[in-house]
Protein chains: 2
Amino acid sequence: MTKVTIGARTILYPLPAVLVGANVDGKPNFSTYAWCGIVNSNPPMLSVSFHHHRHTLKGVKQNGTFSVNIASVELVKETDYCGIVSGRDTDKVANCKFNIFYGKLTTAPLIIECPVNLECRVLHILNMGSHEMVIGQIEEVHVTDSCLTDGKPDVTKIKPFLWAMGQKDQYMEFGRSIGLSYNIGKQIKLPEKKGKVMKTMNSTKAEQTSAHDGTLGLIDTLQQKAKGKLVDVRLDS
Amino acid sequence: MTKVTIGARTILYPLPAVLVGANVDGKPNFSTYAWCGIVNSNPPMLSVSFHHHRHTLKGVKQNGTFSVNIASVELVKETDYCGIVSGRDTDKVANCKFNIFYGKLTTAPLIIECPVNLECRVLHILNMGSHEMVIGQIEEVHVTDSCLTDGKPDVTKIKPFLWAMGQKDQYMEFGRSIGLSYNIGKQIKLPEKKGKVMKTMNSTKAEQTSAHDGTLGLIDTLQQKAKGKLVDVRLDS
């Protein structure tokens with residue numbers, strides 16, 4: 001198996017293609033982002049990285065709130081469209097025929113047609129270089145009722161899609177299930193000590209709590225040990 | 001279309017299930033993480049969030065380097081296994097029959113059997129609450145040569161999988177392509193002014209550069225405008 005180096009690139013599989021929403025000058029706007037992921041379980045947080053000049057980012061800063069809307073495959077054209085045009089000169093909501101609602105945070109516009117909607121409150125905005133990373137606390141999740149099974153989001157009903165970079169930059173459906181997590185790996189040798197099975201992958205399970213308060217703090221051990229650039233973080237609020 | 005609120009939860013589609021590697025006390029160890037995403041284009045950066053006590057995190061801090069390995073569907077059992085057991089009492093590399101190599105950073109262990117391997121240098125470690133978010137600069141990407149088409153990573157050859165949470169927590173294959181990005185959205189109304197089409201979704205394209213230096217800095221406008229918790233970030237190195 002020969003390996004080829006292709007340079008320092010932002011390659012990751014899968015990547016999301018979410019519709020991030022904010023009220024910009026009082027008007028709902030949505031744009032498409034792949035630089036988005038979960039960053040904390042308790043409290044639940046995600047990050048979205050925006051180019052500095054993005055119209056949606058202006059609204060994120062104006063309100064301190066934003067939304068992350070997960071589209072189904074039926075909305076793939078609309079999702080791509082929202083990543084092609086700017087809200088500065090286009091009414092994306094009208095052109096996509098989106099219906100908007102507001103939830104708990106009152107200022108984060110949510111798309112009815114998207115089966116999953118996350119309301120987020122801005123916790124931190126960090127300048128990473130080409131992008132500003134907005135860290136949002138997920139304050140509420142809305143799901144279209146027909147996409148629930150036993151009260152839980154059902155991916156086979158939500159029908160989300162992903163974004164894959166590389167030889168072609170394309171959207172792809174989710175395929176068939178290839179195994180339950182925390183389960184199929186047990187076919188490989190487990191430690192002899194029984195009851196030693198632990199969940200390493202992040203989950204929302206209740207046991208994964210912590211005494212930490214969710215604020216952005218300095219990791220003590222970093223100063224001495226990590227060789228990267230070190231940060232001293234202080235909360236001003 | 002009726003919406004149901006399900007509370008503040010870490011719901012996002014798709015999520016990755018990557019094998020994050022580090023040398024812990026000189027020995028390569030890998031664990032499975034879903035809280036991982038791209039956070040910056042230039043320089044290329046990603047984040048991985050670890051529970052505080054993770055064995056792999058210990059190695060990340062010891063070396064200031066780590067790897068992100070993207071498995072193909074053939075390695076779904078091994079990927080799940082690395083998320084079930086801890087490297088404290090298990091030799092995951094031996095039990096998964098992984099072959100290891102090292103690249104440019106010399107201390108970030110890479111899995112030969114994974115078609116895509118990212119070498120990362122630690123830039124920042126931030127305490128988010130239940131998790132420590134490690135931000136790494138992607139220094140090099142290795143791809144198995146049989147997974148390239150025209151020198152670019154080809155998702156149909158890589159055959160990665162994703163992790164879907166919800167009614168079942170499961171791994172899923174990538175499905176069929178449903179459209180090229182920056183393309184299929186053009187079927188919806190574009191702004192009248194020609195040449196106004198812009199790329200809003202993040203990409204690695206050369207035009208998306210910036211004068212910023214990639215360090216973690218305070219966003220000036222945040223102090224006045226955002227309503228979230230504000231951070232003043234200072235580099236100590």
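Proximity to chain A (any heavy atom under 4.5 Å) is restricted, for Pro160(B), to the side chain, taken from C-beta onward. Heavy atoms of Val68(B) lying under 4.5 Å from chain A belong exclusively to its side chain. The contact between Ser47(B) and chain A is made entirely by side chain atoms (from C-beta outward), counting heavy-atom distances below 4.5 Å. Neither the backbone nor the side chain of Leu110(B) comes within less than 4.5 Å of any heavy atom in chain A. Using a 4.5 Å cut-off between heavy atoms, Leu118(B) touches chain A through its side chain atoms alone. The part of Glu139(B) that comes within reach of chain A is its backbone (N, CA, C, O), which places non-hydrogen atoms under 4.5 angstrom from that chain. With a threshold of 4.5 angstrom between heavy atoms, Leu180(B) approaches chain A through its backbone and through its side chain. Using a 4.5 Å cut-off between heavy atoms, Asp150(B) touches chain A through its side chain atoms alone. With a threshold of 4.5 angstrom between heavy atoms, Lys3(B) approaches chain A through its backbone and through its side chain.
Most heavy-atom pairs under 4.5 Å with chain A, from the set Val48(B), Thr156(B), Asn99(B), Asn183(B): that is Asn183(B). Per-residue heavy-atom pair counts under 4.5 Å with chain A were compared for Asn95(B), Val143(B), Asp154(B), and the maximum is reached by Val143(B). Residue with the most contacts toward chain A among Val76(B), Val116(B), Asp91(B), Asp145(B): Asp145(B) (heavy-atom pairs, distance under 4.5 Å). Taking chain B as the reference chain and counting heavy-atom pairs below 4.5 Å, the highest number among Thr149(A), Leu148(A), Thr90(A) is found for Thr149(A). The residue among Asn117(B), Thr56(B), Thr65(B) with the most heavy atom pairs within less than 4.5 Å of chain A is Asn117(B). Counting heavy-atom pairs closer than 4.5 Å to chain B, the top-ranked of the candidates Gly7(A), Cys147(A), Pro44(A) is Gly7(A). The choice from Ala164(B), Gly166(B), Pro153(B), Gly37(B) that makes the most heavy-atom pairs within less than 4.5 Å of chain A is Pro153(B). Contact tally against chain B (heavy-atom pairs below 4.5 Å) for Gln187(A), Arg176(A), Met1(A), His142(A): the top residue is Arg176(A).
Val39(B) and Met128(A) get closest at one heavy-atom pair: O-CG, 4.1 Å. Of all the heavy atoms in Leu12(A) and Ile70(B), the pair that sits closest is CA-CD1, 3.9 Å. Minimum interatomic distance between Met172(B) and Gly175(A) (heavy atoms only, all atoms of both residues): CE-O, 3.3 Å. Taking every heavy atom of both residues into account, Pro16(A) and Tyr13(B) meet most closely at CB-O, 4.2 Å.
Between the side chains of Asn40(B) and Ser130(A), a donor-acceptor pair is found at a separation under 3.5 Å.
Summarising the geometry, atom CD1 belonging to Ile84(A) is positioned 8.0 Å from atom CD1 belonging to Ile184(B); distances are rounded to the nearest 0.5 Å. Atom-to-atom distance recorded for Lys152(B):NZ and Lys168(A):NZ is 12.0 Å, nearest 0.5 angstrom. Annotation: the span from Lys189(B) atom NZ to Cys96(A) atom SG amounts to 12.0 Å, rounded to 0.5 Å. Note that CD1 of Ile138(A) and CD1 of Ile11(B) are 8.5 Å apart. Values are rounded to the nearest 0.5 Å. Atom CD of Glu119(A) is separated from atom OG1 of Thr5(B) by 9.5 Å, given to the nearest 0.5 angstrom. Between the OG1 atom of Thr10(B) and the CE atom of Met45(A) there is a distance of 12.0 Å, given to the nearest 0.5 Å.
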Apply the test side-chain contact (heavy atoms from CB on, under 4.5 Å) to residues Met133(B) and Ile135(A): give CA-CA distance (whole Å), side-chain angles for both, the deciding distance (0.1 Å), then the verdict. CA-CA 11 Å; Met133(B) 178 173 61; Ile135(A) 297 172; 3.7 Å; yes

Test log, rule side-chain contact (heavy atoms from CB on, under 4.5 Å), inputs Val155(B) and Gln170(A): CA-CA 10 Å; Val155(B) 67; Gln170(A) 59 192 323; 3.5 Å; yes

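Of the listed residues (Phe174(A), Trp163(A), Phe161(A)), just one forms a side chain to side chain contact (heavy atoms under 4.5 Å, CB included) with Pro14(B), and that residue is Phe174(A).
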